[in-house]
A.B. asks: 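Just dropping this structure here.
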Amino acid sequence: MPGGLAQRRYGVAHTEYRFVAEVLNRAGYLVVAIGHELAQDPPLSVQGNLFETRRENWQRGAVTLEFVQQALQTQLPGFDFSRLTLVGHSNGGDISAWFANAHPELVSALITLDHRRVPLPRNKNIRVLSIRASDFPADEGVLLSESEKARFDACVLTIAGAKHNELTDQGPLWLKEHIAQVVSGSLRNLNCVQLQSLGTQ
């Protein structure tokens with residue numbers, strides 16, 4: 001049985017993504033939602049070169065993911081924690097992408113919800129889906145080019161009218177349903193053209 005790890009977006013509690021967790025649960029995944037930020041942690045940088053100033057946060061988050069992965073594979077031997085599916089929104093997506101780039105041998109799939117800073121992995125062994133909102137662009141080099149999407153069988157899907165801060169349990173019902181359909185389709189190995197058609201019928 002596959003194992004799944006869910007991330008949080010900075011400023012939104014890691015428990016605010018139940019609509020995604022339910023999709024994963026229905027597909028047979030164990031979902032572990034991780035709250036990365038502690039009260040004593042420095043605030044996430046909002047100035048300067050954010051790839052540089054937020055690097056420590058992503059590295060710390062990746063260390064946390066590795067710790068959880070190692071602990072759970074011992075505690076829950078009925079689940080496969082050597083082939084993780086990572087899901088993260090915004091900064092949680094950046095942490096997930098950082099971990100997938102650093103530990104590709106542990107990640108089978110990566111789903112990000114409008115992360116903006118850390119480049120998606122370019123790896124044929126990691127199935128990549130990045131669901132994008134429409135109000136803010138990702139930094140240059142974060143998303144895959146058209147040729148890279150074809151080469152690595154990755155999907156980058158923008159939802160018209162979706163706003164970055166709405167990709168949570170508090171977002172509008174239509175958006176949560178659309179995201180749920182796309183995530184479910186990705187877990188069923190639908191290709192990008194098929195995923196693009198979901199929610200538009």
A.B. asks: Would D139 and F51 count as a side-chain contact (heavy atoms from CB on, under 4.5 Å) here? Give the steps.
C.D. replies: CA-CA 9 Å; D139 290 351; F51 188 83; 5.5 Å; no
A.B. asks: Only one of I111, L198, L167 passes side-chain contact (heavy atoms from CB on, under 4.5 Å) with I179; say which it is.
C.D. replies: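 Testing I179 for a side-chain contact (heavy atoms from CB on, under 4.5 Å) against I111, L198, L167 leaves exactly one candidate, L167.
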A.B. asks: Tell me, do S108 and T85 make a side-chain contact under 4.5 Å, heavy atoms counted?
C.D. replies: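 Yes, their side chains come closer than 4.5 Å.
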A.B. asks: I'd like to know whether N189 forms a side-chain contact (heavy atoms from CB on, under 4.5 Å) with R127, so could you lay out the CA-CA distance, the side-chain angles of the two residues, the decisive distance to 0.1 Å, and finally the verdict.
C.D. replies: CA-CA 9 Å; N189 294 317; R127 184 173 172 85; 3.8 Å; yes
A.B. asks: I'd like to know whether V20 forms a side-chain contact (heavy atoms from CB on, under 4.5 Å) with V31, so could you lay out the CA-CA distance, the side-chain angles of the two residues, the decisive distance to 0.1 Å, and finally the verdict.
C.D. replies: CA-CA 10 Å; V20 177; V31 177; over 6 Å; no
A.B. asks: Give a yes or no on whether a salt bridge exists between R151 and E148, defined as a side-chain N under 4.0 angstrom from a carboxylate O.
C.D. replies: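 No, this pair does not count.
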A.B. asks: Enumerate, atom names and distances included, each donor-acceptor pair closer than 3.5 Å involving a side-chain atom of residues 97-105, sequence neighbours excluded.
C.D. replies:
residue : atom : partner : partner atom : Å
N101    : ND2  : A97     : O            : 3.0
N101    : ND2  : P119    : O            : 2.9

A.B. asks: Enter the distance from N165:CG to S90:OG here, rounded to the nearest 0.5 Å.
C.D. replies: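 Spacing of CG (N165) from OG (S90) equals 7.5 Å.
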A.B. asks: Take a 6.0 Å sphere around NZ of K149 and say whether it holds more than 12 heavy atoms from other residues, nucleotides or ligands.
C.D. replies: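 Counting neighbours around NZ of K149, more than 12 heavy atoms of other residues, nucleotides or ligands fall under 6.0 Å, so yes.
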A.B. asks: With under 30° as parallel and over 60° as perpendicular, where do the rings of H89 and H164 fit, or are they tilted in between?
C.D. replies: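 Plane angle between 30° and 60°, so tilted.
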A.B. asks: Would you say T64 and R60 are linked by a side-chain donor-acceptor pair, where the criterion is simply a distance under 3.5 Å?
C.D. replies: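 R60 vs T64: no donor-acceptor pair found between side chains.
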A.B. asks: Looking only at atom types and distance, does a side-chain atom of S186 sit under 3.5 Å from a main-chain N or O of V182, one as donor and one as acceptor?
C.D. replies: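 Such a contact is absent between S186 side chain and V182 backbone.
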A.B. asks: Any side-chain heavy-atom pair from W58 and V118 closer than 4.5 angstrom?
C.D. replies: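 Answer yes - side chains close enough.
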A.B. asks: Heavy-atom count check: over 12 atoms from other residues, nucleotides or ligands less than 6.0 Å from E52 CD?
C.D. replies: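 Count over threshold, so yes.
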A.B. asks: Under the 3.5 angstrom rule, does the side chain of Q69 hit a backbone N or O of F81 as a donor-acceptor pair?
C.D. replies: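 Flag set: sc Q69 to bb F81 pair under 3.5 Å.
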A.B. asks: Quick one: does any side-chain atom of R122 pair with a main-chain N or O of L120 as donor and acceptor, under 3.5 Å?
C.D. replies: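 Checking the backbone N and O of L120 against the side chain of R122, a donor-acceptor pair under 3.5 Å is found.
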A.B. asks: Do you know which two heavy atoms are closest between V23 and A180, and how far apart they sit?
C.D. replies: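 Nearest heavy atoms, V23 then A180: CG2-CB, 3.6 Å.
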A.B. asks: Is any side-chain heavy atom of H178 closer than 4.5 Å to one of I159?
C.D. replies: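 Result yes, sub-4.5 Å side-chain heavy-atom pair found.
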A.B. asks: Does this structure show an ion pair linking D94 with R117, if we count only N-O contacts that are shorter than 4.0 Å?
C.D. replies: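 A salt bridge is absent here (no side-chain N lies under 4.0 Å from a carboxylate O).
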A.B. asks: Any chain of hydrophobic side-chain contacts (each under 4.5 Å) joining L86 to V63?
C.D. replies: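 No, no single cluster joins them.
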A.B. asks: What about F19 and W174, same hydrophobic cluster or not, with Ile/Leu/Val/Met/Phe/Trp/Tyr joined at side-chain heavy-atom distances under 4.5 Å?
C.D. replies: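 In one cluster with F19: W174, yes.
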A.B. asks: Within a strict 4.5 Å, meaning less than it, do heavy atoms of the L143 and S130 side chains meet?
C.D. replies: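 Yes; the side chains approach each other to less than 4.5 Å.
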A.B. asks: Are L157 and L113 in one and the same hydrophobic cluster, where Ile, Leu, Val, Met, Phe, Trp and Tyr link if side-chain heavy atoms are under 4.5 Å apart?
C.D. replies: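 Result: yes, single cluster for both.
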A.B. asks: For the pair E166 and Q170, evaluate side-chain contact (heavy atoms from CB on, under 4.5 Å) and give the outcome as yes or no after the intermediate values.
C.D. replies: CA-CA 7 Å; E166 294 179 339; Q170 305 308 314; over 6 Å; no
A.B. asks: Is it true that a side-chain atom of Q194 and a backbone atom of N191 form a donor plus acceptor pair closer than 3.5 Å?
C.D. replies: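 Yes; at least one donor-acceptor contact below 3.5 Å.
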A.B. asks: For the residue pair L65 and L84, establish whether any side-chain heavy-atom pair is separated by less than 4.5 Å.
C.D. replies: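 With C-beta onward as the side chain, the pair stays apart.
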A.B. asks: Can you measure from CG (D80) to CG (L30) and round to the nearest 0.5 angstrom?
C.D. replies: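 Reported to 0.5 Å precision, the distance equals 11.5 Å.
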A.B. asks: Tell me which pairs pass ring-ring contact (aromatic ring centres under 6.0 Å, His included) where either residue lies in residues 109-156, with sequence neighbours left out.
C.D. replies: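 Qualifying pairs: none.
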A.B. asks: Can you see which heavy atom on L144 is nearest to which on A154, and at what distance?
C.D. replies: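 Heavy-atom minimum between the residues: CD2-CB, 3.9 Å.
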A.B. asks: Is the backbone N or O of G92 less than 3.5 Å from a side-chain atom of S96, with the two atoms forming a donor-acceptor pair by type?
C.D. replies: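 At least one qualifying donor-acceptor pair exists.
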A.B. asks: Is there a side-chain contact between L129 and L195 in this structure, where contact means two heavy atoms from C-beta onward sitting under 4.5 Å apart?
C.D. replies: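 They are in side-chain contact.
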A.B. asks: Once you round to the nearest 0.5 Å, how far does CD1 of I126 lie from CZ of R83?
C.D. replies: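 With rounding to 0.5 Å, CD1 (I126) is 9.0 Å from CZ (R83).
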A.B. asks: Is there a donor-acceptor contact under 3.5 Å from the side chain of K176 to the main chain of D169?
C.D. replies: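 Flag set: sc K176 to bb D169 pair under 3.5 Å.
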A.B. asks: Show, in sequence, the C-alpha distance, side-chain angles and deciding distance for R132 and S134, and conclude whether the side-chain hydrogen bond (donor to acceptor under 3.5 Å, both in side chains) test is met.
C.D. replies: CA-CA 7 Å; R132 316 304 304 173; S134 301; over 6 Å; no
A.B. asks: Distance-only, no hydrogens or angles: does the T112 side chain make a donor-acceptor pair with backbone N or O of D114 under 3.5 Å?
C.D. replies: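 Looks like no, no N/O pair under 3.5 Å.
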